[in-house]
Number of protein chains: 2
Amino acid sequence: MDEIDRKIIDLLSLDAKRSLADIGGTVGLSPSSVNERIRRLTASGVIKRFTVDLDPAAMGLETLVFVWIALREDADEASFRDFAETNPAILECHHVTGSWSYLIKLRVVAAPEIEGFLTDLKARKFLGRTETLIALSSSVSGAFVQKGSS
Amino acid sequence: MDEIDRKIIDLLSLDAKRSLADIGGTVGLSPSSVNERIRRLTASGVIKRFTVDLDPAAMGLETLVFVWIALREDADEASFRDFAETNPAILECHHVTGSWSYLIKLRVVAAPEIEGFLTDLKARKFLGRTETLIALSSSVSGAFVQKGSS
DNA sequence: GGTGAAACCCTCGTGAG
DNA sequence: CTCACGAGGGTTTCACC
């Protein structure tokens with residue numbers, strides 16, 4: 001991971017379809033050298049995958065929601081994490097410091113869908129306390145990459 | 001955006017390097033039809049860009065942090081948003097409902113870096129209250145796509 | 001919109017430095 | 001580790017359905 005690797009990653013982040021010749025011209029390397037570096041970056045796991053950054057609104061997921069969760073005392077954390085992994089609406093699920101145990105980020109079609117989501121969580125006996133926040137707007141929104149439906 | 005478009009997006013999300021022929025074989029279309037659909041999805045903005053999903057740890061950004069922010073009464077929101085867009089550590093910045101006004105997500109090398117970040121925010125006269133949470137682990141982490149350093 | 005074929009370009013081995 | 005070259009395959013465009 002030298003300066004050139006970082007530059008290549010920069011370029012691929014912006015446009016992963018750029019040709020090796022093009023990238024090579026920018027960083028001052030031959031296409032095959034660039035190819036070899038990308039192969040290594042992929043093999044070593046620095047690049048996890050080539051993917052597409054989508055527009056959530058165009059996908060019909062206009063509402064971004066954050067839910068704080070404090071699990072019930074007797075909740076099975078493993079099955080909760082399994083639920084989080086399986087649920088396609090859950091984009092992120094982090095175990096965090098502070099008075100809440102988990103922070104979940106999800107995208108839904110519209111706000112009413114959140115209710116069903118919380119009801120589901122409750123039915124599975126996960127919930128202690130929760131608090132739900134809706135994003136009104138995002139000045140920096142990050143990439144939206146669909147969860148792997150593999 | 002019919003069923004086939006969605007299927008193509010699914011496949012590209014998992015692996016944007018799959019060939020048009022391969023995708024066509026899966027969805028039952030010729031390579032050129034798939035190409036035309038991807039061209040349309042890109043032109044209409046559903047696909048914002050082809051990019052790479054990186055391993056933040058391999059990039060040296062091992063710590064994921066969420067900062068809740070309540071701006072000062074007299075803070076200039078426009079310049080705050082501009083700051084958020086410019087700062088490369090800030091992956092997301094959302095205006096949210098509830099008692100906090102903004103939620104910021106950032107990745108840093110290590111926890112001590114957060115202090116400098118907050119000091120910077122304070123020096124720029126943005127801060128009212130803040131609360132910082134660190135992610136201990138992430139059962140669903142979402143894609144990590146580097147911010148465009150264009 | 002979709003198809004098939006042809007031209008073009010890119011990718012990815014190989015071998016040499 | 002990098003480069004040059006060539007074969008193979010992928011993408012792109014076109015006329016046509």
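In what follows, every chain begins at residue 1, and chains take the letters A, B, ... in the order their sequences are listed.
In this model, the phosphate group of D:dC3 is approached by a side-chain N or O of A:Ser33 to a distance below 4.0 Å at OP1 or OP2. In terms of phosphate contacts, A:Asn35 brings a side-chain nitrogen or oxygen within less than 4.0 Å of OP1 or OP2 of C:dC12.
Closest to the side chain of B:Leu20, out of D:dT12, C:dT11, D:dC3, is D:dT12. Residue A:Ser19 places its side chain closer to C:dC10 than to any other of D:dT11, D:dC5, C:dC10.
Residue B:Leu29 contributes atom CG, which lies 10 Å from atom P of C:dG4 at whole-angstrom precision. Atom pair B:Arg40:CZ and C:dG1:P shows a separation of 5 Å (rounding to whole Å applied). Straight-line distance from the CD1 atom of B:Ile8 to the P atom of C:dG1: 13 Å, rounded to whole Å. Atom CD1 in A:Ile23 sits roughly 8 Å away from atom P in C:dT11 (whole-Å rounding). B:Phe50 places its CZ atom 14 Å from the C1' atom of D:dG10, with the value rounded to the nearest Å. The CZ atom of B:Arg37 sits 9 Å away from the P atom of C:dT3 (whole-angstrom rounding). For the pair B:Leu12 CG and D:dT11 P, the computed distance is 10 Å after rounding to whole Å. Distance A:Asp22 CG to C:dC9 P: 14 Å, rounded to the nearest Å.
By the 6.0 Å and 45° rule, A:Arg107 stacks over the aromatic ring of A:Phe144. For the pair B:Arg129 and B:Trp100, the cation sits on the ring face: its NZ or CZ lies under 6.0 Å from the ring centre, inside 45° of the axis.
On a pure distance criterion of 3.5 Å, no polar donor-acceptor pair joins the side chain of B:Ser32 and the base of C:dG2.
Counting only heavy atoms from C-beta outward, the side chains of B:Phe66 and B:Leu103 approach each other to under 4.5 Å.
The aromatic rings of B:Phe126 and B:Phe80 sit perpendicular, their planes meeting at an angle over 60°, well past the 30° parallel limit.
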